[in-house]
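One structure is given here, and the rest of the page talks about it.
Just so you know, these numbers come straight off a predicted model, no measurement behind them.
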Amino acid sequence: MTETLCNDIVISSLKQLHLNRMARECESLAREAEQRGLGYLGYLQALLEGELAQRHEQQLRQRLKAAAFPYQKRLEDFDFSQVPCIPKIQVLELAQGAFLAAHENVLFIGPSGIGKTHLLMGLGRALCLAGYRVVFRPAVTLATELEVAHKELKLPRLLASYRRFDLILVDELGYLPFSKPTAELLFQFFSDRYERASVAITSNLAFAQWTQVFGNEQMTAALLDRLVHRSHILAMEGESFRFRQSLQQQGSQALTV
């Protein structure tokens, strides 16, 4: 069998096995391995490492796409010096993902404009990079999805699809009150994940004010009992980043006048 025919058979076989990167690189890597005297196992190792690297990158892209972040935020870009009440070490430890195995929750509580959403998405992105399945939902979007599924008699299917994710990020819970039926659906959602999988939430309301959102005091108490149990609560205080930036811009403009 000629070398050309042998190469064609190997490439065809690799493509049938869906090892496309190996099919593309097998000839060039074979020449390189021969020049470097790597031997058969060294050549095979180089082929496999390239294939595994590509699959890892593809899986990461898929996880980030499935997370549905509206825009990218990284923990590396968050200025912890502006919010000294948040321990950077604790946030970075959470980004390792150990709390997910314990089915614990993370709650960012504090006023608007202080960086809660940045931390939420930054944490979610870091966990995607670590190999976990994450999805981002504004609280209003999550409520709408639950309402539609309930009306179409597909709520059990939707809740089951949420269970595929190691972590669900729920942003801005508390900015708008919910009707009684919607509040009950949200209660069902959080109850379904209780001690089964994790959620991370941002809210501008102290826990004592959550009745304003969910209405029923008894249901709100039961919901908080589930969310707070085995949770990491990060209470944030400080001045709004956006307000501070606006003042700085106005000061700069005044100096140029």
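Side-chain heavy atoms closer than 4.5 Å link hydrophobic residues (I, L, V, M, F, W, Y) into clusters, and following such links, possibly through other members, connects F108 to L127. Hydrophobic clustering of Ile, Leu, Val, Met, Phe, Trp and Tyr side chains at less than 4.5 Å, counting indirect connections, keeps V199 apart from F136.
Ring-plane geometry between H118 and F78 is classed as perpendicular, the angle between the planes exceeding 60 degrees on a 0 to 90 degree scale with a lower cut at 30.
Ion pairing between a basic and an acidic side chain is recognised when a charged N comes within 4.0 Å of a carboxylate O; D192 and R196 show such pairing. A salt bridge links R55 with E51: the closest approach of a Lys/Arg side-chain nitrogen to an acidic carboxylate oxygen falls below 4.0 angstrom.
Using a distance-only test at 3.5 Å, with no hydrogens or angles considered, no donor-acceptor pair links the side chain of S203 to the main chain of I109. In this structure, the side chain of S12 does not engage the main chain of I9 through any donor-acceptor pair within 3.5 Å. For the pair R21 (side chain) and G50 (backbone), a donor-acceptor distance under 3.5 Å is present.
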Next item on the list: Take D171 and T117 through the side chain to side chain donor-acceptor pair (under 3.5 Å) test and state the conclusion after the steps.
Entry: CA-CA 7 Å; D171 193 31; T117 299; 2.9 Å; yes

Next item on the list: Decide yes or no on side chain to side chain donor-acceptor pair (under 3.5 Å) for E184 and Q188, but give the supporting numbers first.
Entry: CA-CA 6 Å; E184 291 173 350; Q188 188 172 347; over 6 Å; no

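Residues Q54 and Q58 bring no donor and acceptor atom of their side chains to less than 3.5 Å of each other.
What you find for K15 and A23 is that their closest heavy atoms are CG-CB, 3.8 Å. Residues S112 and Y175 come closest through the heavy atom pair OG-OH, 3.1 Å.
Qualifying side-chain contact (heavy atoms from CB on, under 4.5 Å) partners for E34, counting only residues two or more places apart in sequence or in other chains: none.
Evaluation of the side chain to side chain donor-acceptor pair (under 3.5 Å) test over residues 133-146, restricted to residues two or more places apart or in two chains, returns R133-D166, R137-E145, E145-Y162.
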